[in-house]
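Let me begin by presenting the structure, written as structure tokens, before commenting on it.
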Amino acid sequence: MASRSPPRLWPLYAVNFFMADMQSGIGPFVGVFLQERGWATGLIGTALTIGNVAGMLVTTPIGGFIDSSRNKRLWVVIPGICVVLASAIILISQHFWAVTLSQVAQSLASAAIVPAVTGITLGIARQKGFNALNGRNQAFNHAGNMVGAALSGYLGYKFGYVAVFVLAAVFGAIAIACVLMIPDNSIDDRQARGSKEDESKNPPDGMSVLLKHKPLLVLAFALAIFHLGNAAIVPLYGLAAVAEGQANGPSFVATTVVIAQGVMVVTSLIAMQVAGKRNYWPVILISFMFLPIRGVLAFFVTGWWGVIPTQVLDGIGTGLQTVAVPGMVARSLDGTGRINLGQGAVITVQGVGASLSPALGGWIAQWIGYGPTFLLLGGFGLASIGLWLAFGAAVKKY
């Protein structure tokens, strides 16, 4: 049996930095890009939703494949290729089905990258060191999002949306190169899936992993409700400002992302410290509280005046979740050999809410206007808080 190489962490940090465009990629810019080409908000939301649903359907199987894979790095290479394809397709054609195909490719990348990097991190740090290394990973990831968004805003302002999509493809290619610099034998495959048994005796079993673990089922449904409201707010906020002539499309969208991601860098490190001293339950509870406040702020203030407070709140809530959610899954499934499958299953259920959110928000905004829509979307955060508190006894120990 080959011995493990000493951990080489800088390529992992670099992957997290450049993988930002695999998770969100061209998504925040697609809405205003299509709006300027005559698309209505409802049609924009529909194209985004179809892409999100495709990603949602493959997330759990991908988690199972990652658990059983002996080459965890491959599952970062595949998302990188998908990001390059997504950027190329939307530049070639803005036909509805071409745009939808690009969003499917982007969603496939987003579906694979989180469980893949989680598995690599576990394989390097093991369960004992996972919380600390995952916290640093998330800080690098949010920094990458911030730099990528700033570059996208500048390049989009100077050269148009073509430069934004080309930059996303470049980030994806660099992430592929970085993950290949991680020594393969520095990743312990058994630790990467949280296994204490032989794999043949402990096969992955799909979505039933949630049904057998009540805390994860509660987590998944609370996140689904949260993201049903949360996912549409940033795209709609940008559309509202651009539609009212208050902002330039690329620079405004980039500013919203930069502010949120800058806050997430700090928040993820704080979440790492809190979870290390206590557990993940209060961290996730606090993250839900910021959505209702964002909805109220977005209702009263659009354009540049509302960007900072609205996105600071988004940065805090999402930054807490990026550390706490994979941490709670890894902790609760330790010893099962199904950690990445569990990550995929939670992301799948969460993705139901995120997938429906753009269409829900887009059509409602088209019918009743942006302001009331922000209030409605923010209200889903209250439902997540209620569910998390109601089942607190099942999840507090994690």
Side-chain angles (χ1 to χ4, degrees), residues 15-16 18-35 37 39 43-66 69 73-117 141 144-145 148-149 152 156 161-180 227 231-232 234-235 253 257 343-344 347-348 350-352 354-359 362:
V15 168
N16 278 274
F18 289 105
M19 81 181 208
D21 280 324
M22 296 188 200
Q23 291 175 277
S24 57
I26 58 179
F29 296 90
V30 169
V32 290
F33 171 73
L34 296 174
Q35 185 184 48
R37 281 152 181 80
W39 286 48
L43 196 60
I44 293 171
T46 301
L48 296 178
T49 292
I50 293 174
N52 289 340
V53 169
M56 177 189 68
L57 293 176
V58 301
T59 301
T60 300
I62 284 176
F65 290 139
I66 293 170
S69 174
R73 300 179 304 170
L74 175 65
W75 294 96
V76 175
V77 173
I78 293 172
I81 294 172
C82 287
V83 168
V84 174
L85 289 175
S87 299
I89 291 169
I90 201 168
L91 285 175
I92 293 171
S93 173
Q94 289 84 55
H95 184 273
F96 176 80
W97 289 112
V99 172
T100 301
L101 180 60
S102 78
Q103 294 308 293
V104 169
Q106 176 65 59
S107 294
L108 292 176
S110 182
I113 192 63
V114 173
V117 173
N141 179 246
N145 269 298
S152 295
Y161 287 99
V162 172
V164 174
F165 301 147
V166 169
L167 180 66
V170 170
F171 266 44
I174 295 175
I176 292 173
C178 291
V179 78
L180 295 176
H227 286 283
V234 170
V253 173
V257 176
Q343 297 282 1
I347 293 170
T348 297
Q350 168 184 314
V352 174
S355 298
L356 295 175
S357 186

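As the structure is a prediction and not an experimental result, all values here were calculated from the model.
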In chain order, what residues pass the side chain to side chain contact (heavy atoms under 4.5 Å, CB included) check against I81, with sequence neighbours excluded?
-> V77, L85, I176
Between [X] and [Y], what is the shortest heavy-atom contact and its length?
| X | Y | value |
| --- | --- | --- |
| V83 | A109 | CG2-CB, 3.8 Å |
| G148 | L167 | O-CD2, 3.6 Å |
| I66 | A112 | CD1-O, 3.9 Å |
| A116 | V76 | CB-CG2, 4.1 Å |
| R73 | L180 | NH1-O, 3.2 Å |

Nearest 0.5 Å, please: how far is [atom2] in [Y] from [atom1] in [X]?
| X | Y | atom1 | atom2 | value |
| --- | --- | --- | --- | --- |
| I62 | S69 | CD1 | OG | 12.0 Å |
| F65 | L74 | CZ | CG | 12.0 Å |
| L101 | I50 | CG | CD1 | 11.0 Å |
| T46 | Q103 | OG1 | CD | 12.5 Å |

Compile the donor-acceptor pairs under 3.5 Å between side chains in residues 88-96 and protein atoms, sequence neighbours left out, one pair per line.
unit_1	atom_1	unit_2	atom_2	d
S93	OG	H95	N	3.1
Q94	NE2	I90	O	2.8
H95	ND1	W97	N	3.2

Under 3.5 Å: donor-acceptor pair, side chain of S107, backbone of G51 | yes
